[in-house]
2 protein chains.
Amino acid sequence: MSARRLARILTRMYAEEMEGHMEPAQFGLLQMMEHMQHCTQAGLANALYMDKTTVSRDVAVMKKRGWVEGGRGGLRVTPIGRRLLADAMPHWQRAQKRLRKALGDDEWQALFAAMRAVGAFFPVGAV
Amino acid sequence: MSARRLARILTRMYAEEMEGHMEPAQFGLLQMMEHMQHCTQAGLANALYMDKTTVSRDVAVMKKRGWVEGGRGGLRVTPIGRRLLADAMPHWQRAQKRLRKALGDDEWQALFAAMRAVGAFFPVGAV
DNA sequence: GACAGGAAGTTGTACATACAACTTATAACC
DNA sequence: GGTTATAAGTTGTATGTACAACTTCCTGTC
């Protein structure tokens, strides 16, 4: 299973570009939270293919830091969280560019197509 | 970063197929240990793009269980470990087949090609 | 052979991840 | 409206993951 190896490589590269702004996992959660209307932990877990208990603990950290607020059936990114997300975004985009440049357009397309395909064939609850 | 999402999906699918024989990470380490001559923790970390401290703790667990023995400059899979690895192998292969069938040959090839490409462009120590 | 430098390995801390089991809140049914 | 079933969320436990700092071992140099 080199999928986790892939994840380790890219997580480290992205984390390096993020320069301590936040963890890649937190970025993913915040971003998803932002473009989900009426967000719940279960919804996040569903969308990101995470376990609900993982989301619970990740959200707990971000709540403690004031990045996120609200409970059952109404999770929101706070203004502070939104600001941090905006600050982190260019770093994220730099990481994306770095990866795309390293791979070339063809490999890049292939990678994302493959990731989408895996997501499509293993929908939540059907694993 | 959907790479970790991909890893979560496949890790769960593989773990499900493994039916409690061992964790996917342990399988990867044992397998690599087997086809490395003169294996060290640092060598494993290098090959699998893991941190040496991660390998240290994973190996510690497997040593405690008697799957692995030896220290500095001479890590070996024990007969017990070899046996478990052999038992787990068909489960692993079933997971591989399941993934390949779900994706189709083209997507499968694309996925592995992309994973190889990422590995090639982010060699150890150059991230 | 002594010493310094670097490689290998361990430990403290923190976050990521998930399964099992539990609690709590919501909704459906009577 | 009360009961129950289900969804949502939390907590216990275990593993995976990595950074920083430390210890330990080996090797090259004098």
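Within every chain, numbering begins at 1; the chains are lettered A, B, ... in the order of the sequence lines, protein sequences first and strands thereafter.
At whole-Å resolution of the value, NE2 in B:H38 and P in C:dA7 are 16 Å apart. Remark: C1' of D:dT15 and CE of B:M62 are 12 Å apart, rounded to the nearest angstrom.
At least one donor-acceptor pair under 3.5 Å links the side chain of A:T11 to the backbone N or O of A:A7. The closest donor-acceptor contact from the side chain of A:R76 to the backbone of A:V68 lies at 3.5 Å or more, if one exists at all. With A:H21 contributing its side chain and A:A88 its backbone, the two residues share no donor-acceptor pair below 3.5 Å.
Ionic pairing of B:R98 and B:E16 is present here: one or more N-O contacts between side-chain nitrogen and carboxylate oxygen are shorter than 4.0 angstrom.
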Open item on the list: I need a per-nucleotide contact map over nucleotides 10-23 of chain C, read 5' to 3'. Cutoff is protein heavy atoms under 4.0 Å; write B for the base, S for backbone only, - otherwise.
Closed with: BBBB-SSBBBB---
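Between A:L75 and the choices A:H38, A:K63, A:M36, the side chain to side chain contact (heavy atoms under 4.5 Å, CB included) rule is met once, by A:K63.
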